[in-house]
Enquirer: 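First, the structure itself, so that you have it in front of you.
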Amino acid sequence: MVEHLLDKQGVTGSSPVTPTISSGRARRSAGAPPLFVFPAGASLPKGIAMSQSASSGPDLSHYPGGEELYRLRHSAAHVLATAVTELFPDVKVAGGPPVDGGFYYDFAKATPFTPEDLEKIEARMREIVALDQKFEYAEATREEAAQIWKDEKYKLHFLSVIPDGAKVTTYRNGNFLDLCRGPHVESTGKLKAFKLTHFAGAYWLGSEKNEMLQRIYGTAFASQADLDAHLQRIEESLKRDHRKLGRELDLFSIHEEVGAGLVHWHPKLGMVRHMLESFWKEEHLKGGYQLVYTPHISSEKLYEISGHLQNYGDIMYAPMQVDEQAFRVKPMNCPNHIMIYNSRKHSYRELPIRFAELGTVYRYERSGVLHGMERVRGFTQDDSHIFCTPDQLQSEIEGVLKLMHKLLSTCGYEYHCYLATRPADKYIGSDAEWDFATNALRQALETAGLPYEIDEGGGAFYAPKIDVKLKDALGREWQCPTIQVDLNLPKRFGVYFTGPDGQDHEVIMLHRALYGSLERFVGIFIEHTGGEFPVWVAPTQAMIVPVNPKALEYAEQTAEMLRAAGVRVEVDARDEKLGAKIRDGELQKVPYLIVVGPRDIEAGTCAPRRKGQGDLGTMPREQIVERIREEIRTRAH
RNA sequence: GCCCACUUAGCUCAGUCGGUAGAGCAUCUCCAUGGUAAGGAGAAGGUCGCCGGUUCGAAUCCGGCAGUGGGCUCCA
């Protein structure tokens, strides 16, 4: 069996290799935990960590969908690799883990796969499933493994990173042998429902310094019904894509003539933004923030002092030469806020000082990362910098978390936090400073009772931070709120307060954005709501629909009642049939369509229809005015 | 930035073998006076993303650029 195996792998060396063969099932029943190999740098599903010890398998219970689904997808990845190596003998195999929602496998291939290749591969996979090949477990010595994969540089890399003392484990199905820690299903026949979904380039080991491999993505489920439901869900999600709704609801546009990643907000989305900004200002003023406004461009000198030019120069727009001085469009607001702070001396009695600005910044993001409103080149951060003493830091963070919760929960979000700690290699400041700042963030999270995950090494080079990521329609995460303790700028700019001792002390600077950027936040908000905005932000809150022109005057009168109550209301006076006006109102996702006709005129009634609920029946006009007013007042979602 | 794919009317899309372009919706005009998801008729609307090449002839084939989409990498 082993010889057969080696032959298929093209191993022709004279030294016989004899891995111990045992079935995965036998091995598990013997009490040994399942093992599996991830390519380093592969994006792992949340909660699944690469185990450092081969003797302790990872906890698969965190895998979304559970361990069984994990096995299924992991095995599907092997079947994919089996099919690919059979159809394309020249490919080199890299790695293929299950990921959230599916699996992938990476291959090195001289020419990229085509859509037709994908069909052939999937067809071959179905044949392999029909063959019901057993997944067979075997252990090998390092020398044996090195011999087996001597022509597979990617596998040799994975072999080289298996920790000393750990077992080298393999799984084989048919002619395909993989360096792998499992676990797998018993045989390929268990794969009842799978589908290859797409393919894309992916850097080897996730580093753009390395060559690009060809990655094929797929998904697998326990049953065809589950798979169909999954595909159906994706199809439904695509209908909530903010780029699609942006066109359909006339919300925003991006123009080639203007530039990629530069958003034009149309009137309706302008109203949504206005409402979110008003709410934001109201809450910030209540929270002791002071509004500031700063220039959009500044001398390049500012960014030399801040260090941004050195560290972020490649994302800044090129300089403009004015009066023999180089100016830059601002990529962040912090230096300007420091300028305001440093324009005079500050006593410890004044602290904390909280400057807030809806500050528009421009960053030259690489073209491949742009994504509708969610990743753009010009955006407005709901930015704030808090200058405080070390003693005040923790309570300030707590205050920020409280404010963040108010904004996010009002918009209808549930969220979870990441505590991003010091990066492994590049960072500034002392261990003591990092510990102090990181502990303050952690303590604040715990005081606030917010669950969080540690994002080890995910901090900025200048600061640990709390990040909150919100999901778009397809479940992709986007970083929105961020709270960062800045260990860098106070030193570079010399930001001090005068203490009770009459001496200058360095301030602690907290940098935070709670929506993150209005563009990204609103983009996700569109997807979160599916374009059905809560009444308090809806551009048009109510549409009066006269049954026929005879009811037009009564419709205007009804609109006036609502307007007087602070409701954004319009009258659909078009010469269309009622059914058509209802349909258009529904498609435009107006929260309240209020039908009025001859029957209502005498009784003073109307027939409102709530988006998502349908016809509410006939009621006095005063009643609907009150209902809508209340919904706006409470910012119901 | 990298890999792959795509770009035809305002929107969603057809367009065969290379022979100068089509539908539905939206828009405009007229007719229809209507109670909860599309009333009817007609008109107008396109330098087929841009630049170059091959060809008697290019939406169609080739190259470059731009933009968009899916990923990778990077980030609010």
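Protein chains get the first letters and strands the later ones, always in sequence-line order, with residue 1 at the start of each.
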Enquirer: Check this for me, if you would: do A:Asp615 and A:Arg609 make a salt bridge, where the nitrogen-to-carboxylate-oxygen distance has to be below 4.0 angstrom?
Expert: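 So A:Asp615 does not pair with A:Arg609 through a salt bridge.
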Enquirer: Provide, to the nearest angstrom, the distance between the CG atom belonging to A:Leu118 and the C1' atom belonging to B:G71.
Expert: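 Atom-to-atom, A:Leu118 to B:G71, this comes out as 13 Å.
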Enquirer: Indicate yes or no: does A:Arg366 engage A:Glu208 in a salt bridge with an N to O separation below 4.0 Å.
Expert: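 So A:Arg366 pairs with A:Glu208 through a salt bridge.
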Enquirer: For A:Arg247 and B:U12, give me the distance from atom CZ to atom C1', rounded to whole Å.
Expert: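 Taking CZ of A:Arg247 and C1' of B:U12, I get 9 Å after rounding.
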Enquirer: To the nearest Å, how far apart are A:Ile483 CD1 and B:A76 C1'?
Expert: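 Going from CD1 in A:Ile483 over to C1' in B:A76 covers 14 Å.
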Enquirer: Using the C1' atom on both, measure B:C13 against B:G46 and round to a whole Å.
Expert: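 Straight-line distance between the two C1' atoms is 15 Å.
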Enquirer: Please name the nucleotide paired to B:C74 by Watson-Crick or G-U wobble geometry with both distances under 3.5 Å, or report none.
Expert: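 Result: none.
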Enquirer: Any donor-acceptor pair under 3.5 Å joining the side chain of A:Tyr104 to the base of B:G71?
Expert: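 Looking at the base of B:G71, it does not pair with any donor or acceptor on the side chain of A:Tyr104 (distance under 3.5 Å).
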Enquirer: Judged by atom type as modelled, is there a donor-acceptor pair below 3.5 Å linking the side chain of A:His242 to the main-chain atoms of A:Met373?
Expert: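 Flag set: sc A:His242 to bb A:Met373 pair under 3.5 Å.
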Enquirer: With a 4.0 Å cut-off on heavy atoms, is A:Gln214 in touch with a base, just the backbone sugar-phosphate, or nothing at all?
Expert: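 Sugar-phosphate contact only.
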Enquirer: Determine which nucleotide pairs with B:G45, using a 3.5 Å limit on both distances of a Watson-Crick or G-U wobble pair.
Expert: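 Pairing partner, where one exists within any strand: none, as none qualifies.
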Enquirer: Quick one: A:Arg215 CZ to B:A5 P, roughly how many Å, whole number?
Expert: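 Those two atoms, CZ and P, are 18 Å apart.
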Enquirer: Within the 4.0 Å limit for protein heavy atoms, which parts of nucleotides 34-44 of chain B are touched? Write it as a string from 5' to 3', B for base, S for sugar-phosphate only, - for none.
Expert: BBBBBB-----
Enquirer: Using the C1' atom on both, measure B:U73 against B:C3 and round to a whole Å.
Expert: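 My reading of the C1' atoms in B:U73 and B:C3 gives 12 Å.
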Enquirer: With heavy atoms under 4.0 Å as the rule, sort A:Val376 into base, sugar-phosphate or nothing.
Expert: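 The answer is base, as A:Val376 lies within the cut-off (heavy atoms under 4.0 Å) of a base atom.
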Enquirer: Can a side chain N or O of A:Tyr217 be found less than 4.0 Å away from OP1 or OP2 on B:C72?
Expert: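 For B:C72, OP1 or OP2 has a side-chain N or O of A:Tyr217 closer than 4.0 Å.
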Enquirer: Take atom C1' in B:U8 and the same atom in B:A23, then report the distance between them in whole Å.
Expert: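 Result for the C1' pair: 13 Å, nearest Å.
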Enquirer: Would you say the side-chain atoms of A:Tyr592 and A:Arg627 include a donor-acceptor pair closer than 3.5 Å?
Expert: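 On atom types as modelled, these side chains qualify, holding a pair under 3.5 Å.
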Enquirer: Flag the pair A:Arg476 and A:Glu527 as a salt bridge only when some basic side-chain nitrogen lies within less than 4.0 angstrom of an acidic carboxylate oxygen.
Expert: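 Judged by the 4.0 Å cut-off on N to carboxylate O distance, A:Arg476 and A:Glu527 do not form a salt bridge.
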Enquirer: Between B:A76, B:C72, B:C11, which one does the side chain of A:Arg363 approach most closely?
Expert: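 Nucleotide nearest to A:Arg363's side chain: B:A76.
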Enquirer: Is there a Watson-Crick or G-U wobble partner for B:G63 with both distances under 3.5 Å, and if so, which one is it?
Expert: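 Pair assignment: B:G63 / B:C51.
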Enquirer: Please report the distance separating the C1' of B:U33 from the corresponding atom of B:G49, rounded so that it comes out in whole Å.
Expert: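 Pairwise C1' distance, B:U33 against B:G49, rounds to 46 Å.
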Enquirer: So do A:Lys268 and A:His266 actually touch side chain to side chain, heavy atoms under 4.5 Å?
Expert: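 Answer no - side chains too far apart.
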Enquirer: Return the pairing partner of B:G39 with a 3.5 Å limit on both distances, Watson-Crick or G-U wobble; otherwise return none.
Expert: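 B:C31 is the nucleotide pairing with B:G39.
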Enquirer: Report the glycosidic orientation of B:U54: syn if within 90° of 0, anti in every other case.
Expert: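 Here B:U54 takes the anti form, which means its glycosidic angle is more than 90° from 0.
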Enquirer: Just to be sure I understand the rule, does A:Tyr364 reach a base, reach only the sugar-phosphate, or reach nothing, if contact means heavy atoms closer than 4.0 Å?
Expert: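 It contacts sugar-phosphate atoms only.
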Enquirer: For B:C72, does the base pair up with any side-chain atom of A:Arg366 as donor and acceptor (N or O, under 3.5 Å, distance only)?
Expert: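 There is none.
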Enquirer: Please check if the distance between the ring centroids of A:Tyr105 and A:Phe107 is under 6.0 Å.
Expert: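 Yes, the ring centres sit under 6.0 Å apart.
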Enquirer: Find the distance A:Ile216:CD1 to B:G71:P and express it as a whole number of Å.
Expert: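 Value for this atom pair: 16 Å.
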Enquirer: How many whole angstroms separate atom CZ of A:Phe521 from atom C1' of B:A76?
Expert: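 The distance from CZ of A:Phe521 to C1' of B:A76 comes to 12 Å, rounded to the nearest Å.
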Enquirer: Could you tell me whether the side chains of A:Tyr462 and A:Gln484 share a donor-acceptor contact shorter than 3.5 Å?
Expert: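 Side-chain D/A pair, A:Tyr462 to A:Gln484: present.
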Enquirer: Mind calculating the distance between CD (A:Glu357) and C1' (B:A76) to the nearest angstrom?
Expert: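 After rounding, the reported distance stands at 15 Å.
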Enquirer: What integer number of Å spans the P atoms of B:G24 and B:A44?
Expert: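 The same atom, P, in both gives a distance of 14 Å.
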Enquirer: Does a nitrogen or oxygen in the side chain of A:Gln479 sit under 4.0 Å from OP1 or OP2 of B:C75?
Expert: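 Answer is no, no contact under 4.0 Å.
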Enquirer: Counting the atoms with a prime plus P, OP1 and OP2 as sugar-phosphate, which does A:Lys465 contact under 4.0 Å by heavy atoms, base, sugar-phosphate, or nothing?
Expert: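 Counting heavy atoms under 4.0 Å across all strands, the contact made by A:Lys465 is with sugar-phosphate only.
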Enquirer: Check nucleotides 64-70 of chain B against the protein and report each pair of N or O atoms closer than 3.5 Å, with its distance, or say if there are none.
Expert:
from: B:A66; atom 1: O2'; to: A:Glu256; atom 2: OE2; distance (Å): 2.9
from: B:G69; atom 1: OP1; to: A:Arg243; atom 2: NH1; distance (Å): 2.8
from: B:G70; atom 1: OP1; to: A:Arg243; atom 2: NH2; distance (Å): 2.8
from: B:G70; atom 1: OP1; to: A:Arg476; atom 2: NH1; distance (Å): 3.3
from: B:G70; atom 1: OP2; to: A:Arg243; atom 2: NH1; distance (Å): 3.3
from: B:G70; atom 1: OP2; to: A:His371; atom 2: ND1; distance (Å): 3.4

Enquirer: Can you check the distance between B:U20 and B:G1, where both ends of the measurement are the P atom (answer in whole Å)?
Expert: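 It comes out at 39 Å once rounded to the nearest Å.
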Enquirer: Check whether any side-chain N or O of A:Tyr203 sits under 4.0 Å from OP1 or OP2 of B:G71, and answer yes or no.
Expert: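 Looking at the OP1 and OP2 atoms of B:G71, neither is under 4.0 Å from any side-chain N or O of A:Tyr203.
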Enquirer: Any salt bridge linking A:Lys465 with A:Asp455? Criterion: basic side-chain nitrogen under 4.0 Å from a carboxylate oxygen.
Expert: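 Salt bridge absent between A:Lys465 and A:Asp455.
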Enquirer: Which whole-number value in Å describes the distance from A:Met212 CE to B:C3 C1'?
Expert: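 After rounding, the gap between these two atoms is 5 Å.
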Enquirer: Could you tell me the Watson-Crick or G-U partner of B:G22, where both distances fall under 3.5 Å? Say none if there is no partner.
Expert: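 Because both required distances fall under 3.5 Å, B:G22 counts as paired with B:C13.
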Enquirer: Taking B:A59 as the reference, what is the distance to B:C6 when you measure between their C1' atoms (whole Å, please)?
Expert: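 Approximately 14 Å lies between the C1' atom of B:C6 and that of B:A59.
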Enquirer: What about A:His296 and A:Tyr362, are their ring centers closer than 6.0 Å?
Expert: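 That pair fails the under 6.0 Å test.
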Enquirer: Should the pair A:Arg73 and A:Phe103 be classed as cation-pi, given the thresholds of under 6.0 Å to the six-membered ring centre and 45° from the axis?
Expert: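 So A:Arg73 doesn't make the cation-pi contact.
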Enquirer: Across all strands shown, which nucleotide pairs with B:G69 by Watson-Crick or G-U wobble geometry, both distances under 3.5 Å?
Expert: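 Checking every strand shown, B:G69 finds its partner in B:C4, with both distances under 3.5 Å.
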Enquirer: Between B:G45 and B:A26, how far apart are the two C1' atoms, rounded to whole Å?
Expert: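 Those two atoms are separated by 11 Å.
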Enquirer: So, for A:Trp204 and A:Phe158, is the gap between ring centers shorter than 6.0 Å?
Expert: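 Yes, the ring centres sit under 6.0 Å apart.
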